[in-house]
Amino acid sequence: MATNFLVHEKIWFDKFKYDDAERKFYEQMNGPVAASSRQENGASVILRDIARARENIQKSLAGSSGPGASSGPSGDHSELIVRIASLEVENQNLRGVVQDLQQAIARLEARLSTLEKSSPTHRATAPQTQHVSPMRQAEPPAKKVATPAEDDEDNDIDLFGSEEEEEDKEAARLREERLRQYAEKKARKPSLVAKSSILLDVKPWDDETDMAQLEACVRSIQLDGLVWGGSKLVPVGYGIRKLQIQCVVEDDKVGTDLLEEEITKFEEHVQSVDIAAFNKI
């Protein structure tokens, strides 16, 4: 009989259902309490905010500042007085600056008027512009027939005037004066003279030639721009010696061809003339 009772009993097999029912029961018991507490807290906060707002409105209507303010009506009036005083000082300063600017402008206007009165010819006038229609073509002016009397008057008038002729003469005189001064300056300036140093080899006919006489013949040549220098005898061979002589010549006056021609004129003593060295000075 007990066995049959246990067979039909489902408590142990449906235990999770009872557990869920128990959890829901406790949740239902605790849930409404928490929600109501939260609602009460939210309502109390709203009521406090409304009360605070009403208090602030009443204070503002009564002329006092809101909560947390550090000054009352007397402090606001003192602050306004200070600001008004600073604005008055600033206004006075601005008035002084404006007066200084007005005085400066008055001085400038007086100076400008003085300058315009002192130099009236320098005042520039704007040229008047003439409007010309783009579709209208300008007509050529009619030629006026000149009478003989007017022709005579025109011939008497000097269109170019004598002033231009005087200016041309003055310019020509100045140009001639400058050219003359330049020529004089150039004449006074010493010009550089190109010179050359030449070493000549003068060869005799044989060893019996009198070398002293040969040198005397060479030095006897006197030309403008020719200066003889030192000399020596240089042995050539077989008892024959040649004359090496130095000279300085001006390039524009004496050339090497002229020297060779003058030296070879002494045919009794000179066989040939060679240039051993040639240097510009």
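Computed from a predicted structure; not experimentally measured.
Side chains of Ser196 and Asp251: a donor on one and an acceptor on the other come within 3.5 Å.
Listed by chain and number, the residues in a salt bridge (charged side-chain N to carboxylate O under 4.0 Å, His left out) with Glu260 amount to none (sequence neighbours excluded). The salt bridge (charged side-chain N to carboxylate O under 4.0 Å, His left out) search around Lys203 returns Asp274, not counting sequence neighbours. Not counting sequence neighbours, the partners of Glu177 by the salt bridge (charged side-chain N to carboxylate O under 4.0 Å, His left out) test are Arg180.
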Might you work through the side-chain contact (heavy atoms from CB on, under 4.5 Å) test for Leu243 and Leu233, ending with a clear yes or no?
-> CA-CA 5 Å; Leu243 175 66; Leu233 297 177; 3.9 Å; yes
Please report the C-alpha distance between Glu176 and Arg173 in whole Å, then the side-chain angles of each, then the deciding distance to 0.1 Å, and finally whether the salt bridge (charged side-chain N to carboxylate O under 4.0 Å, His left out) criterion is met.
-> CA-CA 5 Å; Glu176 292 177 357; Arg173 187 184 65 79; over 6 Å; no
Decide side-chain contact (heavy atoms from CB on, under 4.5 Å) for Thr264 and Val273; before the verdict, give the C-alpha distance in whole Å, the side-chain angles of both, and the deciding distance to 0.1 Å.
-> CA-CA 7 Å; Thr264 53; Val273 179; 4.0 Å; yes
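The shortest side-chain heavy-atom distance between Ile263 and Ile221 falls under the 4.5 Å cut-off. Lys253 has its side chain out of reach of Val249: every pair of non-hydrogen atoms, C-beta onward, lies at least 4.5 Å apart.
Under the 4.5 Å side-chain heavy-atom criterion for ILVMFWY residues, a single connected hydrophobic cluster contains both Trp228 and Ile275. There is no path of hydrophobic side-chain contacts, each under 4.5 Å, that joins Val218 to Ile240.
To the nearest 0.5 Å, atom CG of residue Asp210 and atom CD of residue Glu215 are 10.5 Å apart. Here the straight-line distance linking atom CD of Gln246 with atom CD1 of Ile198 works out to 9.0 Å at 0.5 Å rounding. Within the model, atoms CD of Glu90 and CG of Asn93 stand 7.5 Å from one another, a figure rounded to the nearest 0.5 Å. Annotation: the span from Glu79 atom CD to Ile84 atom CD1 amounts to 11.0 Å, rounded to 0.5 Å. One distance of note links CD of Gln103 with CG of Leu108; it measures 12.0 Å at 0.5 Å rounding.
Using a cut-off of 4.0 Å between Lys/Arg side-chain N and Asp/Glu carboxylate O, Glu262 and Lys265 are scored as salt-bridged.
In terms of modelled atom types and a separation under 3.5 Å, the side chain of Asp168 and the main chain of Ala171 share no donor-acceptor contact. Side chain of Gln222 to backbone of Arg219: a donor-acceptor contact under 3.5 angstrom is found.
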